[in-house]
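One structure is given below, encoded as structure tokens.
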Amino acid sequence: MEIPRAKKLPVTRTVHGVELKDEYAWLREKESPETIAYLEAENAYMKEFMAPTQGLQDQLYTEMVARIKEDDQSVPYKKDHYWYYTRMETGKGYAIHCRKFESLEAEEEILLDENELAEGTDFFDLGDLEVSPNESLMAFTVDTEGNERYALYVKDLKTGEIKAEKAVNISPEIEWANDNATIFYITLDAQTHRPNHLYRYQIGSEESGTLVWEEPDEAFFLNLYKTKDEQYFFLYIGSNITTEMYYFSADEPLAEPKLFQERRHDIEFGVEHHEGWFYIYTNDNALNFRLMRAEAGEADRDKWEEVIPHDPEVKIDTMDVFKDYLVVYLRRSGLKSILVRNLRTGAEYDVPFNEPVYTVWHGTNLEFDSTVLRFNYSSLTVPTSVYDFDLLTQERRLLKQQAVLGEFDATKYVSERHFAPSEDGTLIPVSIVYRKDMRREGPQPLYLYAYGSYGVTVDPYFRSTRLSLLDRGMIFAIANIRGGGALGEGWYRGGKFLKKKKTFEDFIGAAEFVIGKGYTDANQLAVGGGSAGGMLMGAVANDRPDLFKAVVAHVPFVDVINTMLDPTLPLTVPEYDEWGNPAEKEYFDYMLSYSPYDNVRAQAYPEMLVTAGLNDPRVHYWEPAKWVARLRDRKTDDKVLLLKTNMDSGHQGASGRYEHLKEVAFDYAFLLTRLGIVAMQPAVAGAGDH
């Protein structure tokens, strides 16, 4: 089994007096036959190494498929005259979108069968699907490359005709004006992939649309949304930390957007409309956000009224409005909660949740004049459950719980929440789940997962696929480290810019905690993360390779310096708000001190599985490819290092539920064999001939 070795063609440059040498820069040449040959050689090596696990992969895949209800249907939701839902059919990888007129007993109308659209493609993603206000047309967007560049289609729901419109290279999200003839869409910058042009498009037009707005600042993205009562459009112009907002009537698609709030550095807000008032949640003079209201169109902040004041211990995540109620989604002590306020009486209450470790998020609530809130609930032991909650009586009704077929019994599993000390003494929330009868005294295999950037929180959710690990005696844990948003905005800011290393220290602290408490030891501890979480994996593998047996890094952002020094790449300029701008020496020096690619050194590393997507527009394939090449060259051990590049997809991996499960089965086979839970089986020569 020949291990691939990438050739070295050193490219040297000096930045802030520091010489940077990149011997694998040539791998950025995507169209080069040599680049493709190297990626294919890595894939061939990966497949050969993992061949003895094929039986295990097949077993895991079969288990995972057996747990899901292949013929399944989502909980229908009401919008105007129709009930909408999606359903899945056995053997089909994609959803079928349907509706019924007025009653769930009515005849089914199939709006769109994704399986038909996906036929003959290696990748398929339905970006958005929006029915016109008069319910007779449907617009949708499709990506067939995995590069997150979508095309617009419109279906006549009376005739069934689907027409490809002129709009291509667009963001997935689209919006209908109330005239039933105008669609708004946003195009992407050809080079940086930034959503930067808003267009107004007339259905059936021979033109690609009329430009409504152009955003020249490379740090800012465009988005457009319609308020829940369908009276206004809000044009959201935002960077990672700053918001500007314009609005116009949804009844007047030709109207010029009016400024609501100009951009002010590090000030963010979101807006909804309710009976002549704009409700605004903002971090203006409120680190964890507060809720304000203003008469519609009132831009003078001195005239805004405070609805919910700032609380340093509670973060406002988002909100929803109904005719008589305001619903606010909060984060308290790292757990989500829902606050309900009666807009007529001012009375308020919290929706109660009883588990020590859980997560909750909003469901589909499109009806403005409704007293029913739909939300989703899950925990590490409870499958995703859809509830309708009566805002008046406070009664909840379980509509559906994710079916887990087979012998699943939630009482066999236990979840725990702990707080692990980081290097500076800060306590880090760690959620743990395991099967009770598989928990033995003393250390056993454990998989620790984290993300830790952009204020994103990895909440304690249920996944039926995870049972394939738990039922074999593995413990699963999530570390909510700084840089994420588990404990509010301060938690996020405590792990970014010149404090980014706190993210890595927190993760190492969590790893040392689960070892110290006897859950596992360094010879049985696997860790994983993706994208920015993959950067975390690279950093901790460099800093504490002795602490981990195995590392799984999905589409990892590891070439930090080279990427952040190139403003022509997608996301680089907007990312200055997350990592800093390396044009400033202070940030350059700090990033260079932790950039995984730049800090690979001559030492022993854990066993590693690294993935990439050839069409990934977020973390380009060359980042993991270059990182693996440098690791192969410099590491001093002979432990396995695999690079698995999906040659047909992007950042999210394979499309379709069955192909996705195959990827999960592959990852799990790697973990189970590397941690010694399942032995590698010799590959059977010529097995395919029998």
Side-chain angles (χ1 to χ4, degrees), residues 3-13 15 18-46 529-543 545 551-572 575 579 582 588 591-603 605-636 639-647 649-651:
I3 299 175
R5 299 285 181 182
K7 67 179 181 180
K8 296 181 183 180
L9 295 175
V11 174
T12 303
R13 59 175 165 169
V15 181
V18 177
E19 183 179 89
L20 300 175
K21 181 183 291 187
D22 188 356
E23 59 268 48
Y24 303 109
W26 63 272
L27 284 170
R28 287 184 52 160
E29 299 171 19
K30 183 178 178 180
E31 305 304 321
S32 167
E34 288 186 289
T35 297
I36 299 302
Y38 172 70
L39 297 177
E40 289 177 341
E42 285 283 4
N43 276 348
Y45 171 70
M46 171 270 298
S531 196
M535 180 199 67
L536 166 69
M537 294 300 103
V540 299
N542 282 334
D543 292 344
V551 174
V552 177
H554 289 295
V555 290
F557 171 47
V558 284
D559 193 10
V560 178
I561 286 294
N562 287 314
T563 293
M564 294 306 295
L565 282 171
D566 187 349
T568 68
L569 292 176
L571 303 181
T572 289
E575 297 293 89
W579 318 102
F588 171 83
M591 279 189 267
L592 185 62
S593 72
Y594 68 75
S595 170
Y597 181 63
D598 294 282
N599 286 279
V600 173
R601 44 191 175 267
Q603 63 180 4
Y605 279 86
E607 304 190 55
M608 303 176 75
L609 168 62
V610 182
T611 71
L614 186 63
N615 298 325
D616 191 340
R618 297 172 183 262
V619 178
H620 287 276
Y621 71 89
W622 65 69
E623 293 206 34
K626 288 169 57 179
W627 183 44
V628 167
R630 184 170 278 183
L631 280 165
R632 290 206 190 285
D633 180 62
R634 296 186 182 179
K635 70 191 190 84
T636 59
K639 297 172 190 170
V640 62
L641 170 61
L642 302 178
L643 174 63
K644 180 175 183 276
T645 303
N646 190 320
M647 306 298 280
S649 72
H651 199 64

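Quick caveat: nothing in here was measured; it's all calculated off a predicted structure.
- Atom CD in E29 sits 10.5 Å away from atom CH2 in W622 (nearest 0.5 Å).
- Taking all atoms of both residues into account, the shortest heavy-atom contact from M46 to L642 is CA-CD2, 4.0 Å.
- Between L643 and N43 the shortest heavy-atom distance is O-OD1, 3.6 Å.
- Annotation: the span from D566 atom CG to I561 atom CD1 amounts to 12.5 Å, rounded to 0.5 Å.
- With rounding to the nearest 0.5 Å, the separation of OG1 in T645 from CD in E40 is 10.0 Å.
- Within the 4.5 Å cutoff, the side chain of P596 has heavy atoms near those of the M535 side chain.
- A heavy-atom distance below 4.5 Å is not found between the side chains of T35 and K30.
- Heavy atoms from other residues, nucleotides or ligands lying under 6.0 Å from NZ of K7 number more than 12.
- Closest of all the heavy-atom pairs between M537 and V552 is CG-O, 3.7 Å.
- When all heavy atoms are compared, the tightest approach of H620 to P570 is NE2-CD, 3.5 Å.
- For the pair V555/R618, no side-chain contact is recorded, criterion being any heavy-atom separation below 4.5 Å from C-beta on.
- Between the side chains of N615 and Y621, not a single donor N or O lies within less than 3.5 Å of an accepting N or O.
- Side chain to side chain, E42 and Y38 meet the donor-acceptor criterion of an N or O pair below 3.5 Å.
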Could you walk me through whether L20 and L565 satisfy the side-chain contact (heavy atoms from CB on, under 4.5 Å) test, starting with their C-alpha distance in whole Å, then the side-chain angles of each, then the deciding distance to 0.1 Å, before giving a yes or no? CA-CA 11 Å; L20 300 175; L565 282 171; 4.0 Å; yes
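- Residues that satisfy the salt bridge (Lys or Arg N to Asp or Glu O under 4.0 Å) test with R601, not counting sequence neighbours, are D543.
- Annotation: cation-pi pair R630/Y597 present, NZ/CZ under 6.0 Å from the ring centroid and within 45° of its normal.
- Contact record, P556 with V619: O-CG1, 3.2 Å, taken as the closest heavy-atom pair.
- Residues Y605 and V551 have side chains not in contact (no heavy-atom distance under 4.5 Å, counting atoms from C-beta outward).
- Smallest separation of non-hydrogen atoms from T572 and P567: CG2-CA, 3.9 Å.
- E575 meets the salt bridge (Lys or Arg N to Asp or Glu O under 4.0 Å) test with no other residue; sequence neighbours excluded.
- Remark: K644 pairs with no residue by the salt bridge (Lys or Arg N to Asp or Glu O under 4.0 Å) rule, at least two apart or across chains.
- The shortest side-chain heavy-atom distance between L641 and K639 does not fall under the 4.5 Å cut-off.
- Looking only at side-chain heavy atoms (C-beta outward), Q603 and P545 come within less than 4.5 Å of each other.
- Here the side chain of D598 pairs no donor or acceptor atom with the backbone of S593 at under 3.5 angstrom.
- At least one side-chain heavy atom of F557 sits under 4.5 Å from a side-chain heavy atom of E623.
- Contact annotation: the side chain of R13 approaches that of N562 to within less than 4.5 Å [non-hydrogen atoms, C-beta and beyond].
- Ion pairing between a basic and an acidic side chain is recognised when a charged N comes within 4.0 Å of a carboxylate O; D559 and R28 show no such pairing.
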